[in-house]
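Below is one structure, written out as structure tokens, with a few remarks after it.
What you see is a predicted model, and the numbers here were worked out from it, not measured in a lab.
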Amino acid sequence: MKKLAKRRWILALCVFALTAGSYAQYSNPADDVPAYHPSAPLKISALPPILAGDKLTGENFRYPWQAHVYQQVAKIGNVAYQLPCNCRCDRALGHTSLRSCFEGLHGTECSTCAKEGLFAYQQTKLGKTPAQIREAIARHEYESIDLERQ
């Protein structure tokens, strides 16, 4: 009886491994882009505000770069709306774009969001379009941002 149960477990594990292996061939990690909006928000839709003013103080804003990032992203809110966030907060927190990270406190605790936010601001000031910035984010160019130097 024990041998039969053991054989069933081995068979089940083999079937599972074959199934997982067959699905893996159809997934391409390069096609897995975090959530973003392909165009600017409609003027009729009201978006949650990016934190600003006296909300940029307190225990969550211990470092000068944290408030600075929020201030810069607030200047390019419509651009940030069109950008993905590589920390994958779309999965964990339900964010719909990089802008979502700065509507709450997530941007204070996540260096990926903060670096992408500053990168987006800098690239926008250089005249880059949201599509060009998305491509640069996909290439991880934002990783060169030093938050302590902001």
Q. Can you name the closest pair of heavy atoms from Asn78 and Pro41 and give their distance?
A. OD1-CG, 3.3 Å
Q: Write down the atom of Pro48, the atom of Arg99, and the distance for their closest heavy-atom approach.
A: O-NH1, 2.7 Å
**Q.** Donor-acceptor contact present, side-chain Tyr70 to main-chain Gly107, <3.5 Å
**A.** yes
(Q) Same cluster or not: Ile133 versus Ile50, using hydrophobic residues (I, L, V, M, F, W, Y) connected whenever any side-chain heavy atoms lie under 4.5 Å apart? (A) yes
Q: Grab the two heavy atoms, one from Thr108 and one from Trp65, that are nearest each other, plus how far apart they are.
A: O-CH2, 4.0 Å
Q.
Is there a side-chain contact between Phe119 and Ser144 in this structure, where contact means two heavy atoms from C-beta onward sitting under 4.5 Å apart?
A. no
Q: Would you mind reporting whether Asn86 and Tyr142 have side-chain heavy atoms less than 4.5 Å apart?
A: yes
Q. Looking at side-chain heavy atoms only, is the closest gap between Tyr36 and Leu98 below 4.5 Å?
A. no
(Q) Between Thr124 and Lys75, does the side chain to side chain contact (heavy atoms under 4.5 Å, CB included) criterion hold? Intermediate values first, please. (A) CA-CA 10 Å; Thr124 300; Lys75 295 175 185 176; over 6 Å; no
Q. Can you tell me if Arg134 uses its side chain to pair, donor with acceptor, with the backbone of Pro84 under 3.5 Å?
A. no
Q. Any idea which heavy atoms bring Pro34 and Asp90 closest together, and the distance?
A. CA-OD2, 3.5 Å
Q | Heavy-atom side-chain proximity of His106 to Cys89 below 4.5 angstrom | A | yes
Q.
I need the minimum non-hydrogen distance between Gly117 and Ile76, along with the two atoms involved.
A. O-CD1, 4.3 Å
Q | Minimal non-hydrogen separation, Ala120 against Leu83, with atom names | A | CB-CD1, 3.5 Å
